[in-house]
*Asks:* 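Before anything else, here's the structure in question.
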Amino acid sequence: MQNVLERKSIKNIDFNCDLAQSFGIYKNSTEARLLDYVSSVNIACGFHAGDPLTIKEALLNAKEKNVVVGAHIGFDDIQGFGYRQMDMDEDELEALVMYQVGAIMTFAKAYHMEIEHVRPHGAMYRQAAENLEVSRTIAKAIKKCSKWLIYYGATGDNLAQIGEEENIQVAHEVHLEKIYDEQGNIDFSARDLENTSISIQRLKDLLQNSQVTNNIGGKTLVRADSIHFSNKLANAKDLIIQAKEIIEPLPYNYKNAQKSGWVD
């Protein structure tokens, strides 16, 4: 595996959150509270959540705030909100991903916007983090939509390997509220933290040393390109406000632009 992890400070990082997490009469009245503090948003595509009017509103809100937009893909499971595990063969999963990404790409173009990334949701996110072949199928489907799209996923060796083998840009995502194991993978069975002080200290550790606290009391090196802020947390707004006071978030492609010399 290339890109051996090393302890180093992180100067630029993206903050992302989800939008269009509503469907029909089921409205999410709180999701926009994070929009002023993020550098990118993931817009639901109508499967786990999102309907045409909600998606349109989310796109226009993101455009007004001048934040990067991406497709938030998931399983077709409105009642379970995309958190129910589904077993699909490669062709079925590929088609599911392409259908959703294509819908958001076309919708965005109608408003003179371009999507820059794709992020799985819920059960699909977990399956991609834990199953290399699921992640590979998602990556291949994203590339078929556009070779320029960035694949957002849970930080870890699986995502790094897929990025290298499939020649696709990947953004390693960290959660300040999640519990990580000694290898730097999310412990999906553990309960999320909802303590702002602890999460902010974890952010400081991440930025200073590229480390997350693990579930055995130590610290583990991780790759970190983006931090996901979840509206499900009671302390979500307070957390992101304090986080933005520590570091100003920048979209993932800003770092690429720096490397290329387009920005200083």
Side-chain angles (χ1 to χ4, degrees), residues 2-3 8-20 34-45 58-73 97-98 100-121 125 128 135 138-156 159-175 203 206-207 210 222-229 240 243-244 246-264:
Q2 298 177 1
N3 301 322
K8 61 182 180 180
S9 62
I10 296 172
K11 303 299 183 185
N12 298 316
I13 199 159
D14 171 60
F15 288 0
N16 79 79
C17 73
D18 302 333
L19 285 184
L34 304 187
L35 191 53
D36 287 327
Y37 309 98
V38 296
S39 45
S40 67
V41 294
N42 321 301
I43 298 180
C45 304
L59 282 167
L60 293 178
N61 284 342
K63 185 175 185 179
E64 180 184 355
K65 299 295 183 180
N66 195 32
V67 297
V68 169
V69 296
H72 197 201
I73 58 175
V97 172
M98 292 178 66
Q100 294 179 70
V101 175
I104 295 294
M105 289 178 75
T106 302
F107 219 146
K109 285 180 179 178
Y111 297 103
H112 309 290
M113 302 170 68
E114 296 285 344
I115 73 165
E116 294 191 12
H117 67 270
V118 179
R119 180 185 186 271
H121 164 82
Y125 185 91
S135 188
I138 292 170
K140 287 180 175 179
I142 292 171
K143 282 176 59 181
K144 286 183 177 180
C145 294
S146 171
K147 65 179 181 180
W148 303 111
L149 289 171
I150 304 155
Y151 175 16
Y152 274 45
T155 187
L159 188 64
Q161 183 174 339
I162 290 301
E164 291 182 7
E165 293 179 356
E166 299 302 327
N167 192 28
I168 185 174
Q169 290 188 88
V170 296
H172 290 265
E173 186 181 81
V174 174
H175 304 247
L203 172 62
L206 179 69
L207 296 177
S210 299
V222 295
R223 305 168 183 84
D225 300 305
S226 184
I227 298 174
H228 180 71
F229 289 86
I240 198 169
K244 193 172 181 181
I246 294 170
I247 187 168
E248 184 71 22
L250 294 168
Y252 177 85
N253 269 333
Y254 182 88
K255 186 160 55 178
N256 289 339
Q258 279 189 318
K259 291 177 181 178
S260 69
W262 279 94
V263 295
D264 295 326

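Residue numbers start at 1 and run along the sequence shown.
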*Asks:* Sequence neighbours excluded, which residues qualify as side chain to side chain contact (heavy atoms under 4.5 Å, CB included) partners of D225?
*Replies:* A171, H172, Y252, K255
*Asks:* Distance check, rounded to the nearest 0.5 Å: M98 atom CE versus K140 atom NZ?
*Replies:* 13.0 Å
*Asks:* Quick check: do V67 and S39 have side-chain heavy atoms less than 4.5 Å from each other?
*Replies:* no
*Asks:* Who are the side chain to side chain contact (heavy atoms under 4.5 Å, CB included) partners of S40, not counting sequence neighbours?
*Replies:* D14, N16, V68, H117, Y152
*Asks:* Report the distance from atom OG1 of T106 to atom CD1 of I115, rounding to the nearest 0.5 Å.
*Replies:* 9.0 Å
*Asks:* Could you measure the distance from the CG atom of L159 to the CD atom of E164? Nearest 0.5 Å is fine.
*Replies:* 10.5 Å
*Asks:* Hey, mind stepping through N253 and E116 against side chain to side chain contact (heavy atoms under 4.5 Å, CB included) and telling me if it holds?
*Replies:* CA-CA 8 Å; N253 269 333; E116 294 191 12; 2.9 Å; yes
*Asks:* To the closest 0.5 Å, what do you measure between CD1 (I104) and NE2 (H72)?
*Replies:* 11.0 Å
*Asks:* Tell me, please, which residues at least two apart from K65 pass side-chain hydrogen bond (donor to acceptor under 3.5 Å, both in side chains).
*Replies:* D36
*Asks:* Ignoring hydrogens and geometry, is there a side-chain-to-backbone donor-acceptor pair from K63 to Y111 under 3.5 Å?
*Replies:* yes
*Asks:* Only counting residues at least two apart or in another chain, list the ones meeting salt bridge (charged side-chain N to carboxylate O under 4.0 Å, His left out) with K109.
*Replies:* none
*Asks:* Strictly distance-based, threshold 3.5 Å: is any side-chain N or O of N42 a donor or acceptor partner for the main-chain N or O of C17?
*Replies:* yes
*Asks:* Just to verify, what does E64 make a salt bridge (charged side-chain N to carboxylate O under 4.0 Å, His left out) with, not counting sequence neighbours?
*Replies:* none
*Asks:* Which residues pass the salt bridge (charged side-chain N to carboxylate O under 4.0 Å, His left out) test with K144, sequence neighbours left out?
*Replies:* E94
*Asks:* Salt bridge (charged side-chain N to carboxylate O under 4.0 Å, His left out) with E166: which residues, sequence neighbours excluded?
*Replies:* R136
*Asks:* Only counting residues at least two apart or in another chain, list the ones meeting side-chain hydrogen bond (donor to acceptor under 3.5 Å, both in side chains) with Y151.
*Replies:* S135
*Asks:* If the condition is side chain to side chain contact (heavy atoms under 4.5 Å, CB included), which residues does K8 pass it with, not counting sequence neighbours?
*Replies:* E6, S210
*Asks:* As a quick check of understanding, evaluate side chain to side chain contact (heavy atoms under 4.5 Å, CB included) for I150 and V118, giving each step before the final call.
*Replies:* CA-CA 6 Å; I150 304 155; V118 179; over 6 Å; no
*Asks:* Given I162 and I138, is the side chain to side chain contact (heavy atoms under 4.5 Å, CB included) satisfied, shown in steps?
*Replies:* CA-CA 10 Å; I162 290 301; I138 292 170; over 6 Å; no
*Asks:* Assess the residue pair I240 and V38 against the criterion (side chain to side chain contact (heavy atoms under 4.5 Å, CB included)); give the C-alpha distance rounded to whole Å, side-chain angles, the decisive distance to 0.1 Å, and a yes or no.
*Replies:* CA-CA 8 Å; I240 198 169; V38 296; 3.6 Å; yes
*Asks:* Side-chain contact, heavy-atom cut-off 4.5 Å: H228 with D18?
*Replies:* yes
*Asks:* Does V174 offer a backbone N or O that forms a donor-acceptor pair with the side chain of T155 under 3.5 Å?
*Replies:* no
*Asks:* Is the shortest side-chain heavy-atom distance between Y125 and E173 below 4.5 Å?
*Replies:* yes
*Asks:* Considering only heavy atoms from C-beta outward, does the side chain of K143 approach that of I168 to under 4.5 Å?
*Replies:* yes
*Asks:* Search all heavy atoms of K244 against all heavy atoms of P249 and return the closest pair with its distance.
*Replies:* CG-CD, 3.8 Å
*Asks:* Not counting sequence neighbours, which residues clear side chain to side chain contact (heavy atoms under 4.5 Å, CB included) with I227? List them please.
*Replies:* I13, F15, L176, L203, L206, F229
